[in-house]
Amino acid sequence: MRLITSIAEMENFSRQARAASESLALVPTMGALHEGHLSLVRQAKRQCDLVVVSIFVNPAQFAPGEDLARYPRNLEQDLELLGPYNVGAAFAPSAAEMYPAGYETFVEPGAVAVLLEGAARPGHFRGVASVALKLFNIVKPNLAYFGQKDFQQAQVIRRLLEDLNLDVRLVICPTVREPDGLARSSRNAYLRPEERAAAPLLYRSLRRAEELAQTGETDAPKLLEEMRKVFADEPRAQLEYAAIVDPTRFQPVERVTSGCVALIAAQIGPARLIDNLILGPPGVSPETLLQLALTAGSMAATQVRVPGLEAEALRLRIENCRDCAALTSIWLPPRQFLTRYLKRDYPDLNAVRVAVIGRDAPGATENFLYHAPENVNRFVTGLYELLGVKDFAEFKTRFVLADAIRCHATRLHVPEKALANCAKHLNAELKLFPNLKTIVVLGEDAYRQFQEFVLGRTPAAIRPLGDLLKEQGWAREDVSIPALGERRIQAFYCFHPTFVYTRSPSIAAMLA
Ligand code: AMP
(Lines give C-alpha, C1' and ligand atoms only; values in the text may rest on other atoms or scores of the structure.)
Protein backbone atom coordinates (compact mmCIF):
# COMPACT_ATOMS: atom_id res chain seq x y z
CA MET A 1 0.00 0.00 0.00
CA ARG A 2 1.30 3.42 -0.96
CA LEU A 3 0.87 6.28 1.49
CA ILE A 4 0.21 9.35 -0.62
CA THR A 5 0.00 12.84 0.84
CA SER A 6 0.27 15.09 -2.18
CA ILE A 7 -2.52 15.74 -4.67
CA ALA A 8 -0.11 15.59 -7.60
CA GLU A 9 1.10 12.12 -6.61
CA MET A 10 -2.45 10.91 -6.06
CA GLU A 11 -3.48 12.16 -9.50
CA ASN A 12 -0.53 10.42 -11.02
CA PHE A 13 -1.31 7.15 -9.26
CA SER A 14 -4.93 7.28 -10.46
CA ARG A 15 -3.97 8.16 -14.01
CA GLN A 16 -1.77 5.10 -14.19
CA ALA A 17 -4.40 2.88 -12.61
CA ARG A 18 -7.04 3.99 -15.06
CA ALA A 19 -4.71 3.67 -18.03
CA ALA A 20 -4.22 0.05 -17.03
CA SER A 21 -8.05 -0.14 -17.23
CA GLU A 22 -8.35 -1.24 -13.65
CA SER A 23 -11.61 -0.48 -11.91
CA LEU A 24 -10.76 1.99 -9.20
CA ALA A 25 -12.63 2.38 -5.93
CA LEU A 26 -12.50 5.28 -3.49
CA VAL A 27 -13.44 4.85 0.16
CA PRO A 28 -13.47 8.34 1.70
CA THR A 29 -12.97 8.45 5.48
CA MET A 30 -11.88 10.81 8.20
CA GLY A 31 -9.64 8.14 9.70
CA ALA A 32 -9.77 6.67 13.21
CA LEU A 33 -10.75 3.59 11.27
CA HIS A 34 -13.05 0.93 12.70
CA GLU A 35 -15.05 -2.05 11.48
CA GLY A 36 -17.58 0.25 9.77
CA HIS A 37 -14.88 1.74 7.56
CA LEU A 38 -13.29 -1.66 7.00
CA SER A 39 -16.59 -3.10 5.79
CA LEU A 40 -16.52 -0.49 3.01
CA VAL A 41 -12.94 -1.43 2.18
CA ARG A 42 -13.86 -5.11 2.01
CA GLN A 43 -16.80 -4.42 -0.26
CA ALA A 44 -14.65 -2.22 -2.50
CA LYS A 45 -11.98 -4.94 -2.67
CA ARG A 46 -14.57 -7.50 -3.71
CA GLN A 47 -15.87 -5.33 -6.53
CA CYS A 48 -12.86 -3.43 -7.84
CA ASP A 49 -9.32 -4.14 -8.92
CA LEU A 50 -7.77 -1.28 -7.02
CA VAL A 51 -8.91 0.52 -3.87
CA VAL A 52 -7.88 3.93 -2.60
CA VAL A 53 -8.82 4.86 0.97
CA SER A 54 -8.71 8.57 1.72
CA ILE A 55 -8.04 9.67 5.26
CA PHE A 56 -8.77 13.33 5.76
CA VAL A 57 -10.39 15.14 8.68
CA ASN A 58 -12.12 17.75 6.58
CA PRO A 59 -12.21 21.09 8.42
CA ALA A 60 -14.84 22.42 5.99
CA GLN A 61 -17.51 20.06 7.31
CA PHE A 62 -17.16 21.05 10.96
CA ALA A 63 -19.21 24.01 12.15
CA PRO A 64 -17.56 26.47 14.57
CA GLY A 65 -17.61 25.03 18.08
CA GLU A 66 -17.77 21.41 16.91
CA ASP A 67 -15.20 18.72 17.63
CA LEU A 68 -12.68 19.43 14.82
CA ALA A 69 -9.73 19.92 17.17
CA ARG A 70 -10.35 16.84 19.28
CA TYR A 71 -11.53 14.54 16.46
CA PRO A 72 -9.47 11.33 16.88
CA ARG A 73 -6.47 11.11 14.54
CA ASN A 74 -4.16 8.14 14.36
CA LEU A 75 -2.67 7.67 10.90
CA GLU A 76 -0.20 5.03 11.99
CA GLN A 77 -2.89 2.82 13.45
CA ASP A 78 -5.15 3.42 10.42
CA LEU A 79 -2.41 2.23 8.06
CA GLU A 80 -1.89 -0.81 10.22
CA LEU A 81 -5.60 -1.63 10.10
CA LEU A 82 -5.60 -1.28 6.31
CA GLY A 83 -2.51 -3.50 6.02
CA PRO A 84 -4.28 -6.85 5.57
CA TYR A 85 -6.60 -5.51 2.87
CA ASN A 86 -3.98 -4.96 0.25
CA VAL A 87 -5.41 -1.63 -0.84
CA GLY A 88 -3.55 0.27 -3.56
CA ALA A 89 -3.08 3.52 -1.71
CA ALA A 90 -4.02 5.50 1.35
CA PHE A 91 -4.47 9.15 0.45
CA ALA A 92 -3.88 11.32 3.52
CA PRO A 93 -3.38 14.93 2.48
CA SER A 94 -2.94 17.76 4.95
CA ALA A 95 -5.57 20.48 5.33
CA ALA A 96 -3.17 22.94 3.68
CA GLU A 97 -2.79 20.61 0.70
CA MET A 98 -6.55 20.41 0.22
CA TYR A 99 -7.36 24.02 1.10
CA PRO A 100 -4.33 26.15 0.24
CA ALA A 101 -4.29 29.87 0.93
CA GLY A 102 -6.79 31.62 -1.32
CA TYR A 103 -9.15 28.63 -1.54
CA GLU A 104 -12.72 29.93 -1.87
CA THR A 105 -14.93 27.62 -3.90
CA PHE A 106 -17.63 25.41 -2.33
CA VAL A 107 -20.48 23.24 -3.52
CA GLU A 108 -23.93 24.11 -2.16
CA PRO A 109 -26.16 21.04 -1.88
CA GLY A 110 -29.93 21.45 -2.21
CA ALA A 111 -33.07 20.36 -0.39
CA VAL A 112 -31.73 16.97 0.66
CA ALA A 113 -29.18 18.78 2.85
CA VAL A 114 -31.57 21.18 4.57
CA LEU A 115 -33.23 19.15 7.32
CA LEU A 116 -31.90 16.97 10.14
CA GLU A 117 -28.09 16.99 10.02
CA GLY A 118 -28.28 19.96 7.67
CA ALA A 119 -30.30 21.93 10.22
CA ALA A 120 -28.28 20.75 13.21
CA ARG A 121 -24.89 21.40 11.62
CA PRO A 122 -24.97 24.53 9.46
CA GLY A 123 -22.51 24.29 6.58
CA HIS A 124 -21.80 20.61 7.27
CA PHE A 125 -23.05 19.22 3.97
CA ARG A 126 -21.54 22.12 2.03
CA GLY A 127 -18.19 20.96 3.42
CA VAL A 128 -18.98 17.29 2.76
CA ALA A 129 -20.06 17.89 -0.85
CA SER A 130 -17.07 20.14 -1.54
CA VAL A 131 -14.47 17.72 -0.23
CA ALA A 132 -16.19 14.79 -1.94
CA LEU A 133 -16.08 16.59 -5.28
CA LYS A 134 -12.40 17.44 -4.74
CA LEU A 135 -11.64 13.81 -3.87
CA PHE A 136 -13.55 12.53 -6.90
CA ASN A 137 -11.61 14.89 -9.14
CA ILE A 138 -8.27 13.96 -7.62
CA VAL A 139 -8.73 10.19 -7.33
CA LYS A 140 -11.08 9.77 -10.33
CA PRO A 141 -12.67 6.57 -9.03
CA ASN A 142 -15.15 4.45 -10.98
CA LEU A 143 -16.92 3.66 -7.74
CA ALA A 144 -17.16 5.40 -4.39
CA TYR A 145 -18.15 3.68 -1.16
CA PHE A 146 -20.19 5.31 1.58
CA GLY A 147 -21.86 3.95 4.71
CA GLN A 148 -25.58 3.82 5.43
CA LYS A 149 -24.60 4.98 8.92
CA ASP A 150 -24.54 8.52 7.45
CA PHE A 151 -27.61 8.06 5.31
CA GLN A 152 -28.28 11.72 4.65
CA GLN A 153 -24.64 12.23 3.67
CA ALA A 154 -24.90 9.36 1.20
CA GLN A 155 -27.97 11.01 -0.32
CA VAL A 156 -26.16 14.33 -0.59
CA ILE A 157 -23.38 12.51 -2.46
CA ARG A 158 -25.91 10.77 -4.62
CA ARG A 159 -27.40 14.09 -5.70
CA LEU A 160 -23.93 15.57 -6.19
CA LEU A 161 -22.99 12.76 -8.58
CA GLU A 162 -26.25 13.03 -10.46
CA ASP A 163 -26.58 16.80 -10.58
CA LEU A 164 -22.98 17.50 -11.54
CA ASN A 165 -22.83 14.61 -14.03
CA LEU A 166 -19.94 12.86 -12.36
CA ASP A 167 -19.05 9.49 -13.81
CA VAL A 168 -18.73 7.83 -10.42
CA ARG A 169 -20.95 5.07 -9.20
CA LEU A 170 -22.09 5.22 -5.60
CA VAL A 171 -22.17 2.11 -3.44
CA ILE A 172 -23.79 2.36 -0.03
CA CYS A 173 -22.97 -0.32 2.51
CA PRO A 174 -25.06 -1.34 5.54
CA THR A 175 -24.27 -0.02 9.00
CA VAL A 176 -21.88 -2.09 11.08
CA ARG A 177 -22.88 -2.30 14.74
CA GLU A 178 -21.46 -3.39 18.06
CA PRO A 179 -23.07 -6.54 19.49
CA ASP A 180 -25.40 -4.37 21.59
CA GLY A 181 -26.63 -2.50 18.51
CA LEU A 182 -24.58 0.70 18.84
CA ALA A 183 -23.47 1.81 15.37
CA ARG A 184 -19.69 1.83 15.05
CA SER A 185 -18.40 5.39 14.95
CA SER A 186 -15.11 7.16 15.49
CA ARG A 187 -16.97 9.39 17.94
CA ASN A 188 -17.83 6.43 20.21
CA ALA A 189 -14.29 6.89 21.53
CA TYR A 190 -15.48 10.03 23.33
CA LEU A 191 -17.85 8.01 25.55
CA ARG A 192 -17.05 7.28 29.19
CA PRO A 193 -18.07 3.79 30.39
CA GLU A 194 -21.48 4.78 31.77
CA GLU A 195 -22.23 6.79 28.63
CA ARG A 196 -21.14 3.89 26.45
CA ALA A 197 -23.55 1.68 28.41
CA ALA A 198 -26.39 4.12 27.66
CA ALA A 199 -25.52 4.65 23.98
CA PRO A 200 -27.36 1.63 22.45
CA LEU A 201 -30.64 3.41 23.15
CA LEU A 202 -30.39 5.18 19.79
CA TYR A 203 -30.64 1.78 18.16
CA ARG A 204 -33.35 0.63 20.58
CA SER A 205 -35.40 3.67 19.70
CA LEU A 206 -35.04 2.94 15.97
CA ARG A 207 -35.92 -0.69 16.55
CA ARG A 208 -39.08 0.38 18.37
CA ALA A 209 -40.18 2.26 15.24
CA GLU A 210 -39.29 -0.73 13.09
CA GLU A 211 -41.22 -3.10 15.34
CA LEU A 212 -44.35 -0.99 15.17
CA ALA A 213 -44.05 -0.49 11.42
CA GLN A 214 -43.70 -4.23 10.97
CA THR A 215 -46.85 -4.90 12.93
CA GLY A 216 -48.75 -2.65 10.53
CA GLU A 217 -48.58 0.79 12.15
CA THR A 218 -48.20 3.36 9.39
CA ASP A 219 -48.81 6.57 11.32
CA ALA A 220 -45.44 8.33 11.41
CA PRO A 221 -46.22 10.71 14.34
CA LYS A 222 -47.19 7.68 16.44
CA LEU A 223 -43.91 5.93 15.61
CA LEU A 224 -41.95 9.08 16.45
CA GLU A 225 -43.72 9.41 19.79
CA GLU A 226 -42.73 5.84 20.64
CA MET A 227 -39.15 6.52 19.57
CA ARG A 228 -38.97 9.53 21.89
CA LYS A 229 -40.37 7.51 24.80
CA VAL A 230 -37.26 5.30 24.73
CA PHE A 231 -35.25 8.36 25.75
CA ALA A 232 -37.53 9.36 28.62
CA ASP A 233 -35.79 7.25 31.27
CA GLU A 234 -32.17 7.94 30.31
CA PRO A 235 -30.83 11.20 31.74
CA ARG A 236 -27.43 10.68 30.10
CA ALA A 237 -28.92 11.02 26.64
CA GLN A 238 -30.54 14.08 25.10
CA LEU A 239 -32.54 13.37 21.99
CA GLU A 240 -31.86 15.99 19.36
CA TYR A 241 -34.20 14.75 16.67
CA ALA A 242 -36.15 11.68 15.65
CA ALA A 243 -37.57 11.70 12.14
CA ILE A 244 -39.07 9.46 9.49
CA VAL A 245 -38.44 10.62 5.96
CA ASP A 246 -38.86 9.45 2.41
CA PRO A 247 -35.44 8.23 1.33
CA THR A 248 -34.78 10.37 -1.73
CA ARG A 249 -36.19 13.81 -1.01
CA PHE A 250 -35.52 13.53 2.69
CA GLN A 251 -38.86 15.06 3.62
CA PRO A 252 -40.81 13.88 6.68
CA VAL A 253 -43.70 11.56 5.88
CA GLU A 254 -47.08 11.19 7.57
CA ARG A 255 -47.63 7.63 6.37
CA VAL A 256 -44.81 5.13 6.61
CA THR A 257 -44.15 2.85 3.66
CA SER A 258 -41.38 0.31 3.06
CA GLY A 259 -38.14 2.09 2.24
CA CYS A 260 -38.84 5.09 4.50
CA VAL A 261 -35.95 5.87 6.82
CA ALA A 262 -36.11 6.49 10.56
CA LEU A 263 -33.26 8.73 11.69
CA ILE A 264 -32.10 9.83 15.07
CA ALA A 265 -29.49 12.13 16.63
CA ALA A 266 -28.67 12.39 20.31
CA GLN A 267 -26.08 13.92 22.57
CA ILE A 268 -24.61 11.48 25.07
CA GLY A 269 -22.05 13.18 27.28
CA PRO A 270 -19.36 14.60 25.01
CA ALA A 271 -20.48 12.67 21.91
CA ARG A 272 -23.09 13.63 19.37
CA LEU A 273 -24.25 10.35 17.81
CA ILE A 274 -26.46 9.64 14.82
CA ASP A 275 -28.07 6.48 13.52
CA ASN A 276 -30.83 5.31 11.19
CA LEU A 277 -32.84 2.30 10.08
CA ILE A 278 -34.64 1.68 6.81
CA LEU A 279 -38.16 0.50 7.56
CA GLY A 280 -39.30 -2.54 5.67
CA PRO A 281 -40.90 -5.93 6.00
CA PRO A 282 -39.58 -8.35 8.63
CA GLY A 283 -36.83 -10.81 7.73
CA VAL A 284 -35.39 -8.68 4.96
CA SER A 285 -31.63 -8.27 4.87
CA PRO A 286 -29.96 -4.86 5.31
CA GLU A 287 -28.72 -5.01 1.73
CA THR A 288 -32.22 -5.53 0.38
CA LEU A 289 -33.55 -2.73 2.58
CA LEU A 290 -30.90 -0.45 1.16
CA GLN A 291 -31.96 -1.41 -2.34
CA LEU A 292 -35.53 -0.70 -1.38
CA ALA A 293 -34.64 2.78 -0.14
CA LEU A 294 -32.39 3.56 -3.06
CA THR A 295 -34.27 2.28 -6.05
CA ALA A 296 -36.32 5.46 -6.36
CA GLY A 297 -34.88 7.56 -9.20
CA SER A 298 -32.51 6.09 -11.72
CA MET A 299 -28.81 6.73 -11.61
CA ALA A 300 -28.10 4.24 -14.34
CA ALA A 301 -27.50 6.72 -17.14
CA THR A 302 -24.42 8.27 -15.58
CA GLN A 303 -22.92 5.13 -14.14
CA VAL A 304 -20.08 3.08 -15.50
CA ARG A 305 -20.76 -0.59 -15.85
CA VAL A 306 -18.60 -2.66 -13.60
CA PRO A 307 -19.20 -6.36 -14.10
CA GLY A 308 -18.09 -7.22 -10.59
CA LEU A 309 -20.69 -4.93 -9.15
CA GLU A 310 -23.60 -6.49 -10.97
CA ALA A 311 -22.33 -9.86 -9.93
CA GLU A 312 -21.99 -8.67 -6.37
CA ALA A 313 -25.56 -7.39 -6.21
CA LEU A 314 -26.70 -10.71 -7.53
CA ARG A 315 -24.53 -12.59 -5.08
CA LEU A 316 -26.19 -10.70 -2.26
CA ARG A 317 -29.59 -11.58 -3.59
CA ILE A 318 -28.64 -15.22 -3.82
CA GLU A 319 -27.12 -15.25 -0.38
CA ASN A 320 -30.28 -13.66 0.92
CA CYS A 321 -32.46 -16.37 -0.56
CA ARG A 322 -33.70 -18.06 2.57
CA ASP A 323 -34.30 -21.36 0.88
CA CYS A 324 -30.68 -21.49 -0.29
CA ALA A 325 -29.43 -20.67 3.15
CA ALA A 326 -31.54 -23.42 4.64
CA LEU A 327 -30.01 -26.10 2.46
CA THR A 328 -27.15 -27.94 3.98
CA SER A 329 -25.68 -28.93 0.69
CA ILE A 330 -25.45 -26.63 -2.25
CA TRP A 331 -24.26 -28.56 -5.26
CA LEU A 332 -23.29 -25.78 -7.52
CA PRO A 333 -21.44 -22.75 -6.26
CA PRO A 334 -23.33 -19.62 -7.26
CA ARG A 335 -21.15 -17.39 -5.16
CA GLN A 336 -17.88 -18.42 -6.75
CA PHE A 337 -19.39 -18.40 -10.18
CA LEU A 338 -20.71 -14.91 -9.85
CA THR A 339 -17.92 -13.21 -8.03
CA ARG A 340 -14.92 -15.02 -9.38
CA TYR A 341 -15.65 -16.78 -12.62
CA LEU A 342 -18.06 -14.29 -14.09
CA LYS A 343 -15.63 -11.43 -13.53
CA ARG A 344 -12.68 -13.47 -14.74
CA ASP A 345 -14.25 -14.96 -17.83
CA TYR A 346 -16.56 -12.12 -18.84
CA PRO A 347 -14.78 -8.81 -18.40
CA ASP A 348 -17.28 -7.30 -20.83
CA LEU A 349 -20.80 -8.44 -20.05
CA ASN A 350 -22.03 -6.47 -23.05
CA ALA A 351 -20.26 -8.85 -25.41
CA VAL A 352 -22.34 -11.90 -24.51
CA ARG A 353 -25.11 -12.59 -27.03
CA VAL A 354 -26.15 -16.12 -26.12
CA ALA A 355 -27.02 -17.64 -22.76
CA VAL A 356 -27.25 -21.37 -22.43
CA ILE A 357 -29.53 -22.53 -19.67
CA GLY A 358 -28.95 -26.01 -18.44
CA ARG A 359 -27.64 -28.03 -15.58
CA ASP A 360 -23.99 -28.85 -15.61
CA ALA A 361 -22.60 -31.80 -13.70
CA PRO A 362 -25.13 -32.12 -10.87
CA GLY A 363 -23.51 -33.26 -7.69
CA ALA A 364 -19.98 -32.97 -8.99
CA THR A 365 -18.88 -29.42 -8.43
CA GLU A 366 -15.33 -30.26 -9.39
CA ASN A 367 -16.58 -30.88 -12.93
CA PHE A 368 -18.50 -27.61 -13.12
CA LEU A 369 -17.50 -25.89 -16.35
CA TYR A 370 -16.33 -22.69 -14.71
CA HIS A 371 -14.39 -24.53 -12.03
CA ALA A 372 -12.44 -26.62 -14.46
CA PRO A 373 -12.75 -25.20 -17.97
CA GLU A 374 -10.07 -27.57 -19.25
CA ASN A 375 -12.03 -30.55 -18.02
CA VAL A 376 -13.56 -32.71 -20.71
CA ASN A 377 -16.68 -34.52 -19.59
CA ARG A 378 -19.83 -35.71 -21.29
CA PHE A 379 -21.68 -32.52 -20.60
CA VAL A 380 -19.12 -30.11 -21.96
CA THR A 381 -18.32 -32.28 -24.96
CA GLY A 382 -22.00 -32.39 -25.84
CA LEU A 383 -22.40 -28.69 -25.13
CA TYR A 384 -19.50 -27.66 -27.37
CA GLU A 385 -20.71 -29.94 -30.14
CA LEU A 386 -24.19 -28.47 -29.96
CA LEU A 387 -22.90 -24.90 -30.11
CA GLY A 388 -20.11 -25.54 -32.59
CA VAL A 389 -17.18 -24.40 -30.46
CA LYS A 390 -13.97 -26.28 -29.84
CA ASP A 391 -13.19 -25.40 -26.23
CA PHE A 392 -13.95 -23.17 -23.29
CA ALA A 393 -11.83 -20.31 -24.62
CA GLU A 394 -14.04 -20.14 -27.68
CA PHE A 395 -17.20 -20.85 -25.69
CA LYS A 396 -16.80 -17.82 -23.46
CA THR A 397 -16.32 -15.43 -26.40
CA ARG A 398 -20.01 -15.80 -27.25
CA PHE A 399 -21.76 -17.90 -24.67
CA VAL A 400 -22.47 -17.94 -20.99
CA LEU A 401 -23.81 -20.96 -19.17
CA ALA A 402 -26.56 -19.84 -16.84
CA ASP A 403 -27.46 -22.60 -14.50
CA ALA A 404 -31.10 -23.47 -14.41
CA ILE A 405 -30.97 -25.30 -11.15
CA ARG A 406 -28.11 -23.67 -9.42
CA CYS A 407 -28.65 -24.33 -5.79
CA HIS A 408 -31.74 -26.33 -5.06
CA ALA A 409 -31.10 -29.50 -6.96
CA THR A 410 -29.92 -32.28 -4.75
CA ARG A 411 -31.19 -35.10 -6.91
CA LEU A 412 -31.52 -35.83 -10.59
CA HIS A 413 -35.19 -34.96 -10.51
CA VAL A 414 -35.70 -31.36 -9.57
CA PRO A 415 -38.86 -30.49 -7.63
CA GLU A 416 -41.16 -27.74 -8.85
CA LYS A 417 -40.47 -25.46 -5.90
CA ALA A 418 -36.73 -25.63 -6.53
CA LEU A 419 -37.26 -24.65 -10.15
CA ALA A 420 -39.33 -21.69 -9.02
CA ASN A 421 -36.80 -20.56 -6.45
CA CYS A 422 -33.86 -20.79 -8.79
CA ALA A 423 -35.77 -18.96 -11.50
CA LYS A 424 -35.45 -15.81 -9.41
CA HIS A 425 -31.69 -16.08 -9.73
CA LEU A 426 -31.90 -17.13 -13.33
CA ASN A 427 -33.96 -14.06 -14.22
CA ALA A 428 -31.50 -11.85 -12.37
CA GLU A 429 -28.57 -13.54 -14.04
CA LEU A 430 -30.00 -13.00 -17.53
CA LYS A 431 -30.25 -9.30 -16.75
CA LEU A 432 -26.48 -9.12 -16.33
CA PHE A 433 -26.09 -9.40 -20.09
CA PRO A 434 -27.75 -6.41 -21.71
CA ASN A 435 -27.18 -7.54 -25.30
CA LEU A 436 -28.56 -11.01 -24.98
CA LYS A 437 -30.28 -12.06 -28.23
CA THR A 438 -30.60 -15.80 -27.86
CA ILE A 439 -31.22 -18.35 -25.14
CA VAL A 440 -30.47 -22.01 -25.64
CA VAL A 441 -32.42 -24.20 -23.25
CA LEU A 442 -31.01 -27.64 -22.53
CA GLY A 443 -33.19 -30.49 -21.36
CA GLU A 444 -36.49 -31.04 -19.62
CA ASP A 445 -35.96 -29.35 -16.25
CA ALA A 446 -34.50 -26.21 -17.75
CA TYR A 447 -37.29 -26.16 -20.34
CA ARG A 448 -40.03 -26.35 -17.73
CA GLN A 449 -38.33 -23.76 -15.61
CA PHE A 450 -37.85 -21.43 -18.55
CA GLN A 451 -41.44 -21.78 -19.75
CA GLU A 452 -43.11 -21.41 -16.41
CA PHE A 453 -40.90 -19.11 -14.37
CA VAL A 454 -39.02 -17.06 -16.94
CA LEU A 455 -41.74 -16.70 -19.58
CA GLY A 456 -44.55 -16.84 -17.02
CA ARG A 457 -46.67 -19.48 -18.77
CA THR A 458 -49.15 -21.64 -16.90
CA PRO A 459 -48.26 -25.36 -16.74
CA ALA A 460 -51.33 -26.14 -18.89
CA ALA A 461 -50.01 -23.88 -21.68
CA ILE A 462 -46.61 -25.55 -21.82
CA ARG A 463 -46.16 -28.10 -24.60
CA PRO A 464 -44.33 -31.24 -23.52
CA LEU A 465 -40.68 -30.98 -24.58
CA GLY A 466 -40.74 -34.43 -26.15
CA ASP A 467 -43.59 -33.41 -28.55
CA LEU A 468 -41.91 -30.16 -29.40
CA LEU A 469 -38.58 -31.73 -30.26
CA LYS A 470 -39.95 -34.89 -31.87
CA GLU A 471 -39.35 -34.01 -35.48
CA GLN A 472 -35.89 -32.50 -35.60
CA GLY A 473 -34.48 -32.74 -32.08
CA TRP A 474 -34.68 -29.01 -31.52
CA ALA A 475 -37.23 -26.20 -31.74
CA ARG A 476 -37.12 -22.44 -32.04
CA GLU A 477 -39.50 -19.87 -30.60
CA ASP A 478 -39.39 -16.07 -30.45
CA VAL A 479 -40.36 -15.02 -26.97
CA SER A 480 -40.55 -11.90 -24.85
CA ILE A 481 -39.08 -12.14 -21.38
CA PRO A 482 -40.79 -10.09 -18.67
CA ALA A 483 -37.65 -9.87 -16.51
CA LEU A 484 -35.81 -8.28 -19.44
CA GLY A 485 -38.47 -5.64 -19.91
CA GLU A 486 -40.38 -7.74 -22.45
CA ARG A 487 -37.36 -7.79 -24.77
CA ARG A 488 -37.66 -10.15 -27.70
CA ILE A 489 -35.32 -13.10 -27.50
CA GLN A 490 -35.01 -16.15 -29.73
CA ALA A 491 -35.15 -19.34 -27.73
CA PHE A 492 -33.81 -22.69 -28.90
CA TYR A 493 -34.98 -25.79 -27.07
CA CYS A 494 -32.85 -28.93 -27.22
CA PHE A 495 -32.38 -32.21 -25.48
CA HIS A 496 -29.82 -32.15 -22.74
CA PRO A 497 -26.37 -32.90 -24.19
CA THR A 498 -25.97 -35.93 -21.97
CA PHE A 499 -29.36 -37.28 -22.99
CA VAL A 500 -28.15 -40.25 -24.91
CA TYR A 501 -31.26 -41.46 -26.67
CA THR A 502 -32.15 -38.56 -28.91
CA ARG A 503 -29.28 -36.15 -29.19
CA SER A 504 -30.15 -32.79 -30.60
CA PRO A 505 -28.26 -32.05 -33.78
CA SER A 506 -25.84 -29.14 -33.71
CA ILE A 507 -27.59 -25.78 -33.66
CA ALA A 508 -24.31 -23.98 -34.34
CA ALA A 509 -25.36 -22.93 -37.83
CA MET A 510 -28.53 -21.28 -36.55
CA LEU A 511 -26.60 -19.34 -33.97
CA ALA A 512 -24.05 -18.00 -36.43
P1 AMP B 1 -16.21 8.93 8.62
O2 AMP B 1 -14.79 8.55 8.80
O3 AMP B 1 -17.00 8.93 9.88
O4 AMP B 1 -16.38 10.17 7.78
O5 AMP B 1 -16.84 7.75 7.76
C6 AMP B 1 -16.31 7.39 6.53
C7 AMP B 1 -17.27 6.48 5.82
O8 AMP B 1 -17.50 5.32 6.61
C9 AMP B 1 -18.66 7.13 5.63
O10 AMP B 1 -19.16 6.79 4.35
C11 AMP B 1 -19.46 6.52 6.73
O12 AMP B 1 -20.84 6.47 6.44
C13 AMP B 1 -18.87 5.13 6.81
N14 AMP B 1 -19.14 4.56 8.12
C15 AMP B 1 -18.87 5.11 9.32
N16 AMP B 1 -19.32 4.31 10.31
C17 AMP B 1 -19.89 3.25 9.72
C18 AMP B 1 -20.55 2.08 10.19
N19 AMP B 1 -20.72 1.84 11.49
N20 AMP B 1 -21.02 1.19 9.30
C21 AMP B 1 -20.87 1.43 7.97
N22 AMP B 1 -20.26 2.50 7.46
C23 AMP B 1 -19.78 3.41 8.32
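One-based numbering, in listed order, for ligands and for the atoms of each.
- Distance CZ/Phe136 to CG/Leu161: 5.0 Å, rounded to 0.5 Å.
- Every atom of ligand 1 is numbered from 1 in the order shown, and the set under 4.0 Å from a heavy atom of His34 is 15 (C), 16 (N), 17 (C).
- For the pair Lys134 and Tyr103, the cation does not sit on the ring face, since its NZ or CZ is not both under 6.0 Å from the ring centre and inside 45° of the axis.
- At distances below 3.5 Å, not a single donor-acceptor pair connects side-chain atoms of Ser205 with backbone N or O atoms of Leu201.
- Contact annotation: for Leu40 versus ligand 1, heavy atoms closer than 4.0 Å belong to the side chain alone.
- A cation-pi arrangement is not found for Arg2 relative to Phe13, the charged atom failing to lie both closer than 6.0 Å to the ring centre and inside a 45° cone about the ring normal.
- By heavy-atom distance, the residue among Arg177, Gln153, Lys149 lying nearest atom 9 (C) of ligand 1 is Gln153.
- For the side chain to side chain contact (heavy atoms under 4.5 Å, CB included) criterion with Arg158, the lone passing option out of Ile172, Leu170, Val112 is Leu170.
- Of the protein's heavy atoms, Gly36 CA, 3.5 Å lies nearest to atom 18 (C) of ligand 1.
- In this comparison of Glu178, Arg184, His37, Gln148, the heavy atom closest to atom 1 (P) of ligand 1 sits on His37.
- When heavy-atom distances to ligand 1 are checked against a 4.0 Å cut-off, Pro174 comes that close only through its backbone atoms N, CA, C and O.
- Listed by number with element, the atoms of ligand 1 under 4.0 Å from a non-hydrogen atom of Gly147 are 9 (C), 10 (O), 11 (C), 12 (O), 13 (C), 22 (N).
- Of all protein heavy atoms, the one closest to atom 4 (O) of ligand 1 is Met30 CG, 3.5 Å.
- Looking at Thr5 and Pro93, their side chains never come closer than 4.5 Å, going by heavy atoms from C-beta outward.
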- Query: Hey, mind stepping through Asn12 and Glu9 against side-chain hydrogen bond (donor to acceptor under 3.5 Å, both in side chains) and telling me if it holds?
  - Reply: CA-CA 5 Å; Asn12 209 17; Glu9 191 185 345; over 6 Å; no
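- With a heavy-atom cut-off of 4.0 Å, Pro28 touches ligand 1 through its backbone alone.
- Annotation: atom 11 (C) of ligand 1 to nearest protein heavy atom, Asp150 OD2, 3.0 Å.
- Residues Asp167 and Lys140 are not paired through a salt bridge, judged by the lack of any N-O separation under 4.0 Å between the basic side chain and the carboxylate.
- Residue Val176 places at least one N or O, backbone or side chain, under 3.5 Å from an N or O of ligand 1.
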